[in-house]
Chemist: 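Following this message is one structure expressed as structure tokens.
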Amino acid sequence: MSTVYNFCAGPAMLPPPVLAKAQAELLDWQGQGVSVMEVSHRGAPFIALAKESEADLRELMNIPDNYHVLFMHGGGRGQFAAVVNNFLGNHGKALYLISGQWSKSAADEAIRLVGESQVDTIEIVSKVNGLNKVTVPDFSVSSEQYRYLHYCPNETVNGIEMFEEIDAPWPVIADMSSTIMSRPVDVSKFGLIYAGAQKNIGPSGLSIVIVRKDLLELPIVNPSSIMDYRIAAQHDSMFNTPPTFAWYLAAEVFKWLKQIGGVAAIEGMNKQKAELLYQCIDHLPFYKNGVDPQNRSRMNVTFQLADEDLNKVFLADAEAQGLVALKGHRIVGGMRASIYNAMPLEGVQKLVDFMTDFAEKHSA
Ligand SMILES: *Cc1c(COP(=O)(O)O)cnc(C)c1O
């Protein structure tokens, strides 16, 4: 089998050493003669895994002690609902910043659950010189009493990223599904961070929640127990059976990331990969990207061919060379190369070489 580089936005590629290890111990985990999928989550071996993975994540993200780390079900969208159920209920209002598809979906879910009267939204992306640019309002002058502000630092579909943390007088909740652990963040600036696992953490279904402990003391309505952060925290994420295999793989991804130098090291590699690809797009008139350089995503690089009639040929030729899943999201069109932590520099180099050749071949 020749090397395939998988640019899928999610579920995304996992580090090959992690998959190889999982394969090697699939039938016999820790000498027990059974797989990790077949043992009790309440047994000592799995509890040790859970503890170690939490410690590794805390170390990787430098998570302060006054935060819980929860391993929950339901991916990113599960948390769209959980956030509302835990913090909004039928009390007060929340503010949602809209920067693209996912933050819009999160706001839509909030409105679905509690109605428009409790949910304010602000569009923070506008066209400046023809490019999508994020402008965050100055919240220090606001007299509103929001329960929380929700935003999405990396819009996976639109290829828009915000690199600066938001200052607001309310707890800030961030959907980091597609940027978590790709670069250091100051966790102490957030009330809650969540992420569906299938981009930078592990397989789909699992979600990670990092929540400041004092927020769980707020008066809340009764969320369903499976969504309740307090119950999850009280039970060390084992109120019900957690997605144990996904958790095991996430634990292996954390170990892998630590081994290659942690989040600061991967940030260096991620910058290098993204720069390589954006340089190619900028230097060839054959391609274009519609995002302001300050907000260009390091994880999801969107681009269009100047001649959209060539989209199909581009995708077919790329696939023939082992460069797969480059088709853009249907609502944005064009192409999208998702280059999460697990994508090696060689994969991006190969894509850039292909794009350069393709442009040459099809330029009149
Ligand atoms: C992928 C993604 C989601 C959705 O995750 P699901 O696990 O499919 O619910 C939500 N937010 C962002 C930013 C994403 O990239």
Side-chain angles (χ1 to χ4, degrees), residues 6-14 61 70-86 94 96-113 121 124-125 132 134 148-163 165-166 172-183 185 190 192-210 224 226-227 237 242-243 245-247 249-250 253 270 274 291 295-302 325 327-332 336-343:
N6 174 12
F7 294 91
C8 186
M13 71 172 288
L14 288 164
M61 291 185 67
L70 310 174
F71 292 77
M72 301 186 76
H73 291 271
R77 280 186 187 273
Q79 295 308 313
F80 292 178
V83 161
V84 178
N85 288 336
N86 279 273
Y96 281 73
L97 306 187
I98 312 292
S99 52
Q101 190 61 21
W102 284 117
S103 50
K104 171 81 168 58
S105 294
D108 287 347
E109 179 72 2
I111 291 167
R112 180 173 186 272
L113 291 171
T121 59
I124 55 168
V125 173
N132 288 318
V134 175
Y148 61 85
L149 174 155
H150 180 283
Y151 83 114
C152 180
N154 185 62
E155 287 284 2
T156 321
V157 170
N158 311 75
I160 295 175
E161 186 156 3
M162 300 159 68
F163 294 94
E165 280 121 25
I166 287 186
V172 173
I173 296 184
D175 173 4
M176 291 201 187
S177 296
S178 54
T179 185
I180 192 163
M181 299 191 304
S182 70
R183 56 183 166 89
V185 293
F190 296 87
L192 186 149
I193 291 168
Y194 66 86
Q198 68 271 32
K199 282 93 187 209
N200 260 344
I201 294 170
S204 60
L206 176 71
S207 38
I208 303 283
V209 176
I210 300 162
S224 55
I226 194 176
M227 291 280 185
S237 305
F245 192 62
W247 195 337
L249 280 165
V253 170
N270 287 332
V291 183
N295 295 125
R296 283 175 160 185
S297 171
R298 256 181 228 154
M299 295 284 104
N300 310 96
V301 178
T302 52
K327 192 170 196 270
H329 190 279
R330 61 187 180 283
I331 65 158
V332 175
R336 171 176 52 175
S338 294
I339 50 174
Y340 299 115
N341 285 356
M343 175 62 66

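Numbers here are sequence positions counted from 1. Ligands are counted one by one from 1 in listed order, and the atoms in each one are counted from 1 as well.
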Chemist: Less than 3.5 Å apart, any donor N or O on the side chain of T179 or E161 sitting next to an acceptor on the other?
Modeler: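 Judged by distance alone, the side chains do pair up.
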Chemist: Going by atom types only, do Y340 and N270 share a side-chain donor-acceptor pair under 3.5 Å?
Modeler: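 No, N270 and Y340 have no side-chain donor paired with an acceptor closer than 3.5 Å.
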Chemist: What's the spacing between S177 OG and K199 NZ if we round to 0.5 Å?
Modeler: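 The OG atom of S177 sits 5.5 Å away from the NZ atom of K199.
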Chemist: Can S178 and N154 be counted as having a side-chain donor-acceptor contact under 3.5 angstrom?
Modeler: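 Short answer, yes.
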Chemist: What are the two closest heavy atoms between H73 and Q79, and how far apart are they?
Modeler: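 Looking at all heavy atoms of both residues, the shortest contact is O-NE2, 4.1 Å.
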Chemist: List by chain and number: which residues place a heavy atom under 4.0 Å from ligand 1?
Modeler: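 The 4.0 Å shell around ligand 1 contains G75, G76, R77, F80, W102, C152, N154, T156, D175, S177, S178, Q198, K199.
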Chemist: Go through the structure and list residues passing side chain to side chain donor-acceptor pair (under 3.5 Å) with N295, not counting sequence neighbours.
Modeler: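 So N295 forms no side chain to side chain donor-acceptor pair (under 3.5 Å) with any residue.
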